[in-house]
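Here's the structure we're looking at; comments come further down.
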Amino acid sequence: MIEPRTNRNLALELLRVTEAGALAAAPLQGRGNKVAADQRAVEAIRSAMAAVDMKGTVVIGEGEKDEAPMLYFGEQIGNGLEPEVDVAVDPIEGTSLTASGLPGAISVVALAERGSMFTTHVHYMQKLVVGRRARGVIDLEMPVAWNLRRIAKAEGLPVQELTVVVLERDRNQQVVAQIRDVGARIKLITAGDVAGALEAALETRSGIHCMMGSGGATEGVLAACAIKTIGGDMQAKLFFHDEKERQVAVKEGHDPNKVLHLDDLCSGKDIFFAATGITSGELLKGVRYEDVYAYTQSMVLRSASGTMRIVDAYHPIDKLRAKGLLPEQVATP
């Protein structure tokens with residue numbers, strides 16, 4: 001168990017990490033180069049994490065070691081001191097959103113006790129996410145209509161007044177059709193899997209009541225860390241395009257047919273989650289530049305207290321340039 005005093009320090013340090021990632025990526029928003037934006041965010045996050053008091057192992061990252069400079073699975077980060085933790089990180093969740101200047105891109109990091117996070121090289125998961133009021137009423141193996149009626153009852157709403165967020169992909173067309181058959185509203189998102197799940201779990205803040213359909217597996221674990229801290233509910237199941245992908249799960253020791261609950265995705269008791277907006281969306285405001293300051297908005301979650309903090313910060317632009325988070329040759333948007 002991570003000591004409570006350390007918990008508070010880690011929460012603050014995580015906030016600084018995601019702020020660094022967002023501030024590094026923000027100058028490239030709308031400039032059409034998602035690779036460059038992602039690389040800048042990775043470098044900023046890796047540098048910020050090197051100073052954190054932890055012995056961290058990346059279990060949710062962006063690639064294998066030979067694909068550096070991305071934060072790779074198994075990479076050791078932190079300054080090597082206790083506590084020993086699993087690290088889940090997505091320097092830019094929504095690289096295409098950042099490159100196109102579209103809403104909803106965020107920088108995300110989560111920590112939990114070592115060995116507590118679900119790890120896989122399978123790329124996709126089916127997901128079902130709800131907020132606190134519908135906790136315990138969902139079942140991923142039941143039909144869409146069955147789940148939506150139970151969620152509506154828990155929310156005290158007609159099913160037609162539910163709003164369901166779905167990632168806009170061909171593989172989710174059947175789910176979209178079934179939701180529309182029931183008569184619920186749909187919010188289609190082109191990217192931003194973690195943000196979409198958080199909107200569903202924070203239904204009173206976002207107006208979203210549920211998330212359905214398949215999305216990224218790594219994003220699913222990141223989302224689970226956040227959802228567990230705020231009292232929502234989530235179920236997931238590995239999604240395979242072919243038998244080769246199924247065999248990846250089998251070789252990892254996973255049951256390919258198992259429904260994964262929150263404790264399967266993150267069994268930790270001391271969980272920390274931080275996200276900072278890059279481009280403004282419904283969850284968080286993005287980076288903006290005001291005279292001599294860059295503004296950021298972040299969300300920090302801590303499981304021990306159940307606290308959700310929304311943090312507005314102003315960063316002097318001259319100091320960002322000195323740190324390399326705002327290149328001299330790139331004008332502020």
Could Asp193 and Lys127 be called an ion pair, given the rule that one side-chain N must be under 4.0 Å from one carboxylate O? yes
Quick one: do Ile138 and Val166 end up in the same hydrophobic cluster if we chain Ile, Leu, Val, Met, Phe, Trp and Tyr together by side-chain heavy atoms under 4.5 Å apart? yes
Hey, are Glu155 and Lys153 close enough for a salt bridge, meaning a charged N less than 4.0 Å from a carboxylate O? no
Gln297/Thr276 under side chain to side chain donor-acceptor pair (under 3.5 Å): CA gap, chis, key distance, verdict: CA-CA 6 Å; Gln297 186 175 73; Thr276 300; over 6 Å; no
Taking Met117's backbone N and O only, do any of them form a donor-acceptor pair with Asp86's side chain (distance below 3.5 Å, no angle check)? yes
Rounded to the nearest 0.5 Å, what separation is found between the CD1 atom of Ile310 and the CE atom of Met299? 4.0 Å
Is it the case that the side chain of Lys228 and the backbone of Gly268 share a donor-acceptor pair, with hydrogens and angles ignored and the cut-off at 3.5 Å? yes
Below 6.0 angstrom between ring centroids: does that apply to His121 and Phe73? yes
Could you give me the CA-CA distance, side-chain angles and deciding distance for Met308 and Leu202, then say whether side-chain contact (heavy atoms from CB on, under 4.5 Å) is met? CA-CA 11 Å; Met308 176 177 69; Leu202 294 166; 3.9 Å; yes
Ionic contact status for Glu199 with Lys187, cut-off 4.0 Å: yes
Just wondering, are more than 12 heavy atoms of other shown residues or ligands nearer than 6.0 Å to NZ in Lys237? yes
What's the spacing between Leu167 CG and Leu188 CG if we round to 0.5 Å? 9.0 Å
Do Tyr124 and Val176 land in one hydrophobic cluster if side-chain heavy atoms of ILVMFWY residues count as linked below 4.5 Å? no
Would you sort out whether Thr229 and Ser303 count as a side chain to side chain donor-acceptor pair (under 3.5 Å), showing the intermediate values? CA-CA 4 Å; Thr229 69; Ser303 65; over 6 Å; no
Rounded distance [0.5 Å steps], CZ in Phe239 versus CE in Met125: 13.0 Å
Taking Ser280 for its side chain and Gly286 for its backbone only, find out whether a donor-acceptor pair lies under 3.5 Å. yes
Option from Val108, Val17, Ile92 for which side-chain contact (heavy atoms from CB on, under 4.5 Å) with Ile45 holds: Val17
Are the ring centres of Phe118 and His254 closer than 6.0 Å? yes
Atom pair SG (Cys210) and CD1 (Ile179), whose distance is rounded to the nearest 0.5 Å: 7.0 Å
Side-chain touch Cys225/Leu301, heavy atoms, less than 4.5 angstrom: no
Minimum side-chain heavy-atom gap Ile230-Leu198 below 4.5 Å: yes
Using modelled atom types only, decide if a donor and an acceptor are shared between the side chain of His209 and the backbone of Leu162 within a distance under 3.5 Å. no
As a test of understanding, state which of Val87, Val89, Val52 forms a side-chain contact (heavy atoms from CB on, under 4.5 Å) with Leu111. Val87
Might you confirm whether atom CD of Gln160 has over 12 heavy atoms from other residues, nucleotides or ligands at distances under 6.0 Å? yes
In plain terms, say whether Arg16 and Glu19 are close enough for a salt bridge, that is, a side-chain N and a carboxylate O under 4.0 Å apart. no
More than 12 heavy atoms of other residues, nucleotides or ligands under 6.0 Å from OH of Tyr293: is that the case? no
Got Tyr72 and Val58 here, is their nearest side-chain heavy-atom distance under 4.5 Å? no
Please determine, by modelled atom types, if Thr57 and Glu75 share a side-chain donor-acceptor pair under 3.5 angstrom. no
State whether the side chain of Ser47 and the backbone N or O of Ala44 hold a donor-acceptor pair below 3.5 Å, judged by distance alone. no
I'd like to know if the side chain of Arg321 reaches the main chain of Pro316, judged simply by a donor and an acceptor atom lying under 3.5 Å from each other, with no hydrogens or angles considered. no
CZ of Arg171 to CD of Gln126: how many Å apart, nearest 0.5 Å? 10.0 Å
Side chains of Glu252 and Thr120: donor-acceptor distance under 3.5 Å anywhere? yes
Checking side-chain polar atoms at under 3.5 Å, does Asp139 have a donor or acceptor matched by the opposite partner on Asn147? no
Would you call Lys258 and Asp264 a salt bridge, using N to O less than 4.0 angstrom? yes
Does any donor atom in the side chain of Arg302 or Thr307 lie under 3.5 Å from an acceptor atom in the other side chain? no
